[in-house]
Each structure stands twice: as structure tokens, then as C-alpha cells.
Amino acid sequence: MATPEAVQLAPAGNSVLMHRNRHGFWWRFSRNRLAVVSLAVAILLILLATAGPLWYGVDANYQDYDAINSWPSSAHPLGADSLGRDTLARIMQGLRVSLTVAFYVELITIAVGATLGLLAGYAGGHVDNVISRFADMLFAFPGLLFAILIAAVFGQAVTERFGGIGRLLLVAGSLALVSWPLMARYVRGQTLTLKERDFVGAARSIGASNGRIMRSHIMPGVIGLIVISATLDVAAVVVNEAVLSLLGLGIQPPDPSVGQMIRQSIDYLETNWTQVLFPSLVLTLLVLVFSFVGDGLRDAVDPQSATHAERSNAPPRRRLSRSISYPVALSVVHML
Amino acid sequence: MAPLISRRLLSLIFVIFSITFLTFIVGSLAPGDPILVMMGPRRDPAIYENLRHQYGLDLPWWQQYFNYVGGLLHGDLGMSYRYQGRSVNEILGGGVGVSISLGFAALAVSLLIGIPLGILAALRQNSWFDRTSMITMLALFSIPTFVMIPILRAFNYYVLYKNGLPSLPPAGWGTPAHWVLPVIVLAAVSMGYMARLTRSSMLETLRQDYIRTANAKGLPQRRVVGVHALRNALLPIVTVIGPAMAFLVTGSFVVESLFAIPGVGFIGVQAISQRDYPVIQGTTVVLAVAVVVMNLVTDILYTVLDPRIKSEG
């Protein structure tokens, strides 16, 4: 975890030529024990979500009326919820939902945010103005407010017309709407600094086209930043998706999502506390693991690359809050 | 100072325009005809046209937007679709006070506990107090808000209530006891963050030359820390008050609906389930503008506290 001290103590590296240090990227990553363990847990959670249901063939929506609110037992390893549904099976399904949503969100964020950021930074001028002002408009909404608005207004119609998949994409889309401006801002900042570097000037002087400069000289310099921001953002998206579920705007019942499971089982806390414990643990784990992996990646690439990008053009108030990683509240805080 | 404030005010206008414009666009793209929903099975074209006119929906969209903004300038958020004859102001009105007092209570708690804890931890760097308090604070700001709720409620029920100790109401609103759990939940994340930020900022400040000078002059430790160091160490804290407010807004949706507190967030969630778009829009605008204005206040506060910004910005 990059605490403020850690950020300051870390040696200043070269934000562009990330492979030129004495040791390779993976060597530096592997020295960070927390990040390595987190990566292992993240892979385990992904396996649980994808291969888990194959190995544990219990229907997540099957109601076992003898097991209502039951404690962990041989029949139900993690117990069953207030409707007698198996908690382990639901957690696997819910994890799959969380991770799928996060995957789509990052896909959109990278496709839209990184592309627009690259364009804005490289082209400058009017293009930059239009893109930046548009991003600023979305930044105006604090936290999840805009995602809540979108999901609330279009939720029912989308579900009626396109079913569960449509709903999932709507949730992902509304969360991506909140995520991409930050990505665009990061990438734009990084592109601006790269554009002024000598090797770009050199490439231009030998007649390289804009497309070629972007592809072979700018892209390699921003790709690390993109991967790191996306990984860190997953932690935020998982929580945000849970918040939407909790407000009844996420994946619709009976399909499980981790946030929904917590919401439903809170009311039975006094009867059986294990039912709220397991989904809460999984959610917390998911969030921590992705923040630690993201922090580890950032420190391995370059301690300052993730924070360097926005330094040059952010007002003073933003500098500090952005330069410190804020694992859980990440997206919420980054909105401002 | 004056140019800075005027520039900030200009950006405030842009931000408020963005919020109202996007909110309006989303609201007017909302699927379904609200008037048809409102009328139910009675389909009288005359009444239909009448209602459409009453809500201004027969005008072109840009005129609707101007009317909407014009209303906002007078503090009028429009009329509810769900409750005919009730204005959004009336519906949200009761919640605003509740949400504001809850939000400020949470902010105050996080500042009043977070900052002193951070200072003490910095003064006793690497002591057991430093370690335990900072690990606790790390845990507080790593646990998602609504995982915090079951933890606190479980503690309240299994540790306090079951042992016959005085316990807190698990939900509801009215007595002072109802405040405790929601405020802790809302304050936890910012408290953890502020404590850690104060600690690192204090440590950084204590290394500065002027602190050594103050110590060398023989000033009492209390004065060096309390006057010379504290003023500068607290600057970064001011910068995170804005983001903390934004966090409280999202948090208020979760906390108010899980604790059944009749604030703006709770009303917003109800409006979501009733598809009462004007109320949803109103909630968004009210909350967003509140945060934006708070940000402006912290920006100005920051320039007052740190004179260097004036020349730079």
C-alpha cells in the first residue's frame, strides 16, 4: 500500500523508459510481497468465479426450504440465506457478476478514456478543449451520483427490452461513465509530457507520421499507466457496483451479486450472522486485493508515473488527494 | 485573492451548468411518457394535453431546459410526477436538514478524531500507539462503507444487547441514539484517511528547517508543535475536505437507506423505485451543487491558509 510516506520515500524513476532500470519490472514486482500475495488471491477469486460453478454444481437460485438461514454445514458449506439458497453457490455467481461488470467497465474506460486522453494530449488545441471540457462536465458530479441517475432512469426500460445482459451492460456503462474521465485525464497528462520529449522530436524530424509517432513512441509510454489505473479502478468499481445493487439499481434478483447479498442478509444479522459475513469478506477481499496489485504494479513500473501525469495541469487542491492511493474510496474521491 | 475567487466562481457556474444540463438531458430521455403513467387507465386526450401543458412538456426541449434552469434560479425544482400537486421542493425539503446535519456531524467526527490522532501518532512515531492507531485507521478506510454497517450492527447486537449492556437502535431516526451508528459509518473512511494524512504531513513538517529554528530558539515543545508545525501540517487536510464531502454524498444514499433515515438520499432512493424523475433530478442537482459549493469554500479557505497559492494561481 502506498502510504503518503511510501510515495515520498520511493526513488524517483524514469517515467518513460520503464525497463531501463537495473532490474526488470517483474523482479521489482516480485519483491513486493503484499502485491504478490494479492495477485495470487485475485487469481484464486477469478478462478472461483469462473471455474467454481463447474466444480461446485449447486444451483444458486435453488431454494432448500429445510436450510433457511442455516449455519455452515456439510450440505451447505457456507450455510444458506433467508430463502434457503446456498451461499457458496451465490457467492461464486455474485463474484462472477462483480468481475464481469468490472471487466466491461475497464474495457469501456480504456477504449473511451485512454483513446480520448491520447487524442486530447497529442492533438491539443480545439480537440483537447472539447474533450477536456466534456470530461470536466462529468467530473462535476460528485461520486457515483451520475451513475445512480443513469441506472435509475434507464434501468427498467433496458431490463424490459434486453433482459439480464442488458441490465449488466447498463450497470457497466453507467459506472464507466464515472470512470473514464479520470483515465482520460491521466493519459492526457502523460501524453503531454511525452510529446515534448526529444525522441518524439527526433522521430518527427525523420518524417514519421502522426499515427506512427502515436503508435510506436507515445503508446509504449502510456500503456503502463493505463494498466495501473485500470487495476486500481477495479477496486473502486467493485464497490460502486455493490452500491448500485444495494440501491436496487444493479443486477436484478433473483440473480445474485455480492452487494445485493449483503443488503439482503443484513436484515437477518440477528438470526444468523454468517450469512452477511461471507459476502462482506469476499467484497472486502476483492477490493483490497485489486488495490494492492495496482499499487504493486505502479511501484514496480515507477513510483511516480501514476501521480506524475496529472501534476502538471491540476489545480493545487487536487495534487495531494490524487497522489496518494486511496484504495476503497478511490473513484469517489477521485471524482473531485 | 479577488481574481482567484472570480475564476473559481466562473468555474462554479460551468460546473452547475454541466450538472443541470446533463441531469435535464437524462431526465428528458427517460423512457415512457410520464403523463400517460400519471393518468393510468383513464385516457382523455383533453386532460392529457392539459397535463402536458401544465408540466411544460409540450414545449421544445431547449425551452424546457430554460424553464427548468429558470425555475432552479428561483429555487424551484419542478413538480413531482408521482405525487400530483406536490413540488419537488416540498418532497426534498424535509430531507435536506437531516442530510446536512448528518453529513456535518460525520465530517466533524472524522476531523475531531482523525486530526488529533494523526498528530499524536506523528509525535510518537514508531511507538506502539503510533502503530496500533495507524493500523486501525488503515482498516477503517479500507473497509467499504456498507461492510462497516453489518460489522457495527453485529457488535451492537451480539456484544452490547445480548449481554444486557446499553445498546443502540439498529435503525430509525428521532432520538440522539439514532445518530451514533450512521455517523460512525459515514465518518469511518474519512477519519481513517485524515488521521494517516495528518500523521505523514506532520512528520514532513517536523523535518523542516523552521521547526529546527523554533526548537533552537528554546520555544516550548507545545508551542513549536501547536503553532509552528500545526498550521502548515493541516494544509493538506483542507484539500481533502472536498473529496470527503463527495464521499459523504454517495455514502448518504447507502447509510440513509440502510438505517431508514429520512434524508435526501433516502428520498432519492424512494423516488428511484417509484420512477419519479423530477425528484431524482432534484436530488442529483441538490447534492451535486452542495458538494460543489463546499469545494469552493474549501478552495477559498485554502488560499487564506496558504498565501503561496495566491501568487501561483
Side-chain angles (χ1 to χ4, degrees), chain A residues 1 3-5 8 133 136-146 148-158 239-240 242-243 246-249 259 262-263 265-266 269-270 273 276-277 280-281 283-284 287-288 291 315-321 324 326-329 332-336, chain B residues 14-15 18-19 21-23 26-27 29-32 138 141-144 146-147 149-151 153-154 157-158 189 193 196-197 200-201 203-204 236 239-240 242-247 249-250 253-254 257-258 268-269 272-273 275 277 280-281 284 287-288 291-292 295 298-299 302 309 312-313:
Chain A
M1 158 115 1
T3 54
E5 308 90 276
Q8 281 151 13
R133 285 300 86 73
D136 283 349
M137 279 179 94
L138 291 175
F139 265 123
F141 287 89
L144 267 185
L145 217 48
F146 197 56
I148 291 175
L149 182 71
I150 297 279
V153 168
F154 299 108
Q156 196 167 343
V158 167
V239 174
N240 291 346
V243 169
L246 199 130
L247 301 179
L249 296 172
I262 297 176
R263 174 73 190 92
S265 52
I266 276 186
L269 190 80
E270 285 82 7
W273 50 269
V276 70
L277 174 74
S280 302
L281 269 182
L283 184 79
T284 313
V287 169
L288 288 183
S291 338
R317 182 172 59 77
R318 289 181 179 140
R319 281 184 200 158
L320 232 137
S321 58
I324 299 159
Y326 199 156
V328 177
V332 180
V333 168
H334 278 170
M335 286 301 99
L336 283 164
Chain B
F14 171 76
V15 162
S18 317
I19 290 166
F21 186 69
L22 289 180
T23 311
V26 170
L29 288 176
L138 179 66
F141 97 94
S142 309
I143 297 173
F146 61 93
V147 173
I149 295 174
I151 292 175
R153 276 184 53 174
Y157 181 77
Y158 288 101
V189 172
Y193 187 64
R196 293 180 66 85
L197 187 62
S200 60
S201 162
L203 285 177
E204 171 82 14
T239 66
V240 294
M245 289 292 296
F247 186 80
V249 164
T250 309
F253 275 93
V254 176
S257 55
L258 281 180
V269 173
I272 287 168
S273 61
R275 297 216 281 160
Y277 301 130
I280 302 175
Q281 281 177 321
T284 312
L287 290 177
V291 171
V292 169
N295 271 328
T298 49
D299 271 355
Y302 192 70
I309 301 295
E312 184 190 310

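Chain letters run A, B, ... following the sequence lines, proteins first, then strands; residues in each count from 1.
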| field | Verdict with supporting geometry, B:Ile272 and A:Ile148, side-chain contact (heavy atoms from CB on, under 4.5 Å) | value | CA-CA 9 Å; B:Ile272 287 168; A:Ile148 291 175; 3.8 Å; yes
| request: Mind checking the CG-CD1 spacing from A:Leu149 to B:Ile19? Nearest 0.5 Å is all I need. | output: 11.5 Å
| remark: Tightest non-hydrogen contact, residues A:Leu269 and B:Ala154, listed as CD2-N, 3.3 Å
| For B:Leu22, side-chain contact (heavy atoms from CB on, under 4.5 Å) partners two or more places apart | A:Met137, A:Leu138, A:Phe141, A:Phe146
| query | Tell me, side chain or backbone of A:Ala151 under 4.5 Å from chain B's heavy atoms, or both, or neither? | reply | neither
| field | Residue part contacting chain A, namely of B:Val15, when any heavy atom lies under 4.5 Å | value | both
| query | For A:Ile262, is it the side chain, the backbone, both, or neither that has a heavy atom closer than 4.5 Å to a heavy atom of chain B? | reply | side chain
| query | Are any of the side-chain heavy atoms of B:Ser257 and A:Leu247 separated by less than 4.5 Å? | reply | yes
| task | Any chance you could measure A:Ile266, atom CD1, to B:Leu258, atom CG, to the nearest 0.5 Å? | result | 5.0 Å
| request: Show the numbers, then the answer: is there a side-chain contact (heavy atoms from CB on, under 4.5 Å) between A:Leu246 and B:Phe253? | output: CA-CA 9 Å; A:Leu246 199 130; B:Phe253 275 93; over 6 Å; no
| remark: If one checks every heavy atom of A:Leu249 against chain B at 4.5 Å, the contacting part turns out to be side chain
| Using non-hydrogen atoms only, which part of B:Ile151 is less than 4.5 Å away from chain A: side chain, backbone, both, or neither? | neither
| task | List in chain and number order the residues that pass ring-ring contact (aromatic ring centres under 6.0 Å, His included) with B:Tyr157, two or more places apart in sequence or in another chain; answer none if no residue qualifies. | result | B:Tyr161
| said: Between A:Val276 and chain B, with a heavy-atom cut-off of 4.5 Å, which part of the residue counts as in contact: side chain, backbone, both or neither? | reply: side chain
| request: Counting only heavy atoms closer than 4.5 Å, note whether B:Val269 contacts chain A via side chain, backbone, both or neither. | output: side chain
| What part of B:Ser201 lies closer than 4.5 angstrom to a heavy atom of chain A: side chain, backbone, both or neither? | neither
| Interchain contact, A:Arg133 with chain B, by part (heavy-atom threshold 4.5 Å) | both
